[in-house]
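Proteins come first, then strands; the chains are lettered A, B, ... in the order of their sequence lines, and each starts at number 1. Fair warning: this is a prediction, and the values are worked out from it, not measured in the lab.
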There are 2 protein chains.
Amino acid sequence: MDRTPRRIPAATVARLPEYLRVLVGLASDRIATVSSDRLAELAGVNGAKVRKDLSYLGTYGTRGVGYDVDFLLFQMREALGLTQDWPVVVVGAGNLGRALANYGGFGERGFPVAAIVDSDPAKVGTEIGGTIVRPVADLAGIVAEHHHVIGVIATPGHVAQAVADALVVAGVQAILNFAPALVSVPPHISLRKVDLALELQVLSFYQSHRETRAVG
Amino acid sequence: MDRTPRRIPAATVARLPEYLRVLVGLASDRIATVSSDRLAELAGVNGAKVRKDLSYLGTYGTRGVGYDVDFLLFQMREALGLTQDWPVVVVGAGNLGRALANYGGFGERGFPVAAIVDSDPAKVGTEIGGTIVRPVADLAGIVAEHHHVIGVIATPGHVAQAVADALVVAGVQAILNFAPALVSVPPHISLRKVDLALELQVLSFYQSHRETRAVG
DNA sequence: GACTGTGAAGTAGTTCACAGCT
DNA sequence: AGCTGTGAACTACTTCACAGTC
């Protein structure tokens with residue numbers, strides 16, 4: 001009865017989506033319970049880490065038995081805030097933006113593409129993956145139409161900061177930046193970045209140094 | 001004169017591509033020297049971290065002056081192994097694979113798309129971003145045609161392990177996995193993963209918990 | 001007997017703060 | 001005076017190891 005809401009370490013938060021993926025698989029295989037060691041094996045980590053991570057969620061398994069898959073799945077979705085959808089607005093209808101909008105993986109995982117916007121009038125009105133490209137001026141309207149929209153920056157690096165500023169003005173609270181550029185936002189806005197080439201560069205480093213550094 | 005080749009921490013390696021990006025920008029602006037604090041500001045970190053990171057490379061700046069941009073740029077490319085190109089073979093010509101192959105950002109940064117392969121005969125022979133899709137059976141040939149090819153897995157999760165195995169058999173030494181699945185490889189193979197939806201899930205977590213956790 | 005939950009120990013990464021060079 | 005390079009202090013994260021529960 002001690003749902004201690006301890007502060008969850010960032011490293012743990014980053015692993016929760018992995019556990020979620022594993023649990024979805026177990027549930028669809030009709031597996032009822034799972035031990036920390038088995039979950040760890042499927043997620044590519046170790047049992048102690050799983051137990052400590054889950055303990056931060058206030059999730060209790062059963063000693064001698066393990067964790068109830070359905071209950072843990074529910075709790076994981078709850079913890080990650082995935083009991084609701086988070087519509088995404090993609091800014092930039094170039095290669096990367098089209099790619100992300102066409103890639104079905106976002107919608108499947110609770111992040112439907114609500115809109116795509118682009119500053120190029122030639123692109124406005126074209127269709128990408130069933131969504132019509134809208135002008136950047138529509139941003140505020142798009143944010144107002146939906147609840148808690150996440151902004152995705154898929155533009156060249158040199159306009160990334162301007163796009164981020166526009167997203168913030170439009171009322172977006174969370175931004176995912178795919179552009180290879182540093183972006184800064186007011187402290188109350190959540191910001192994360194993904195650099196598609198960065199991991200290739202890291203691989204290049206380890207190949208050049210003839211050391212293997214495996215990462216799940 | 002003490003080019004100590006200390007082991008470079010993984011956290012430092014992950015930041016080198018950021019420094020590289022900043023240095024490329026400074027060099028194109030014809031800026032000759034940069035201090036650790038300025039470099040830190042442009043990379044979104046702090047000065048002490050920059051100095052410590054650069055010290056692992058055995059890179060020496062000049063006290064009272066800073067770092068020579070061109071020299072540091074050269075060293076950074078050298079450290080990352082980017083004095084050569086690393087051709088990439090994309091496995092999977094679905095939405096994600098087409099996206100990655102069309103996305104010019106890889107080629108620009110030294111990772112040209114050498115080939116795209118797919119197991120679907122209907123896709124083989126079609127063109128994506130100037131490259132003809134080849135059958136999976138061509139993998140070994142593609143690896144032999146080029147030096148040090150990096151394999152990129154852009155398939156659905158349920159075939160990711162089989163693709164990884166095929167890449168290893170074909171002689172690939174480094175793999176970047178975009179599929180949302182755990183993949184394991186022999187210890188001498190470098191493996192990294194990128195999960196496009198994971199960062200959205202992390203944003204969802206922080207939004208739900210109404211805490212802002214900014215990340216450069 | 002099996003397996004969780006967690007303090008304690010160990011390891012990695014960050015930041016401080018300042019000596020030392022230009 | 002300005003700025004690097006780095007031990008030392010600190011903080012975050014991981015792993016161990018075992019008491020507690022089923």
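Distance, Tyr60(A) OH to dT6(C) P: 6 Å, rounded to whole Å. Leu54(A) places its CG atom 13 Å from the C1' atom of dT6(C), with the value rounded to the nearest Å. The NZ-C1' distance, from Lys52(B) to dC16(C), rounds to 10 Å in whole Å. Between the CZ atom of Arg7(B) and the C1' atom of dT11(C) there is a distance of 16 Å, rounded to whole Å. Here the C1' atom of nucleotide dC10(D) and the NZ atom of Lys49(B) are 14 Å apart, to the nearest Å. The nearest whole Å value for the distance from the CG atom in Leu57(A) to the P atom in dG5(C) is 11 Å. As a whole-Å value, the separation of Asp53(B) CG from dA12(C) P is 16 Å. Summarising the geometry, the separation between CZ on Arg38(A) and P on dT4(C) is reported as 13 Å, rounded to the nearest angstrom.
At a cut-off of 3.5 angstrom, counting only N and O atoms as typed in the model, there is a donor on one side and an acceptor on the other between the side-chain of Arg63(B) and the base of dT4(D).
For Tyr67(B), counting side-chain heavy atoms from C-beta on, the closest listed nucleotide (dT4(C), dG5(D), dT14(C)) is dG5(D). Of the candidates dT6(D), dT14(C), dT4(C), dT14(C) carries the atom nearest the Ala11(B) side chain, counting heavy atoms from C-beta on.
Residue Ala48(B) is the one, among Val65(A) and Ala48(B), whose nearest nucleotide of DNA chain D lies closer to the 5' end (criterion: closest heavy atom). Both Gly66(A) and Thr12(B) sit near DNA chain C, but only Gly66(A) has its closest nucleotide nearer the 5' end.
The residue Asp37(B) sits apart from the nucleic acid: no heavy atom pair falls under 4.0 Å.
Aromatic ring pairs are classed by plane angle as parallel below 30°, tilted from 30° to 60° and perpendicular above 60°; the pair Phe205(A) and His209(A) is parallel.
With hydrogens and angles disregarded, no donor-acceptor distance shorter than 3.5 Å links the side chain of Gln173(B) to the backbone of Ser190(B). Counting only distance, with no hydrogens or angles, the side chain of Ser35(A) and the backbone of Gly66(A) share no donor-acceptor pair below 3.5 Å.
One finds no side-chain N or O of Thr62(B) lying less than 4.0 angstrom from the OP1 or OP2 phosphate oxygen of dT22(C). Residue Arg51(B) places no side-chain N or O under 4.0 Å from the OP1 or OP2 atom of dC16(C).
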Trace of the side chain to side chain donor-acceptor pair (under 3.5 Å) decision for Gln84(A) with His148(A): CA-CA 10 Å; Gln84(A) 54 181 246; His148(A) 50 247; 3.0 Å; yes
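Shown are Val149(B), Ile150(B), Val152(B), Val113(B); of these, the side-chain contact (heavy atoms from CB on, under 4.5 Å) with Val89(B) is made only by Val149(B).
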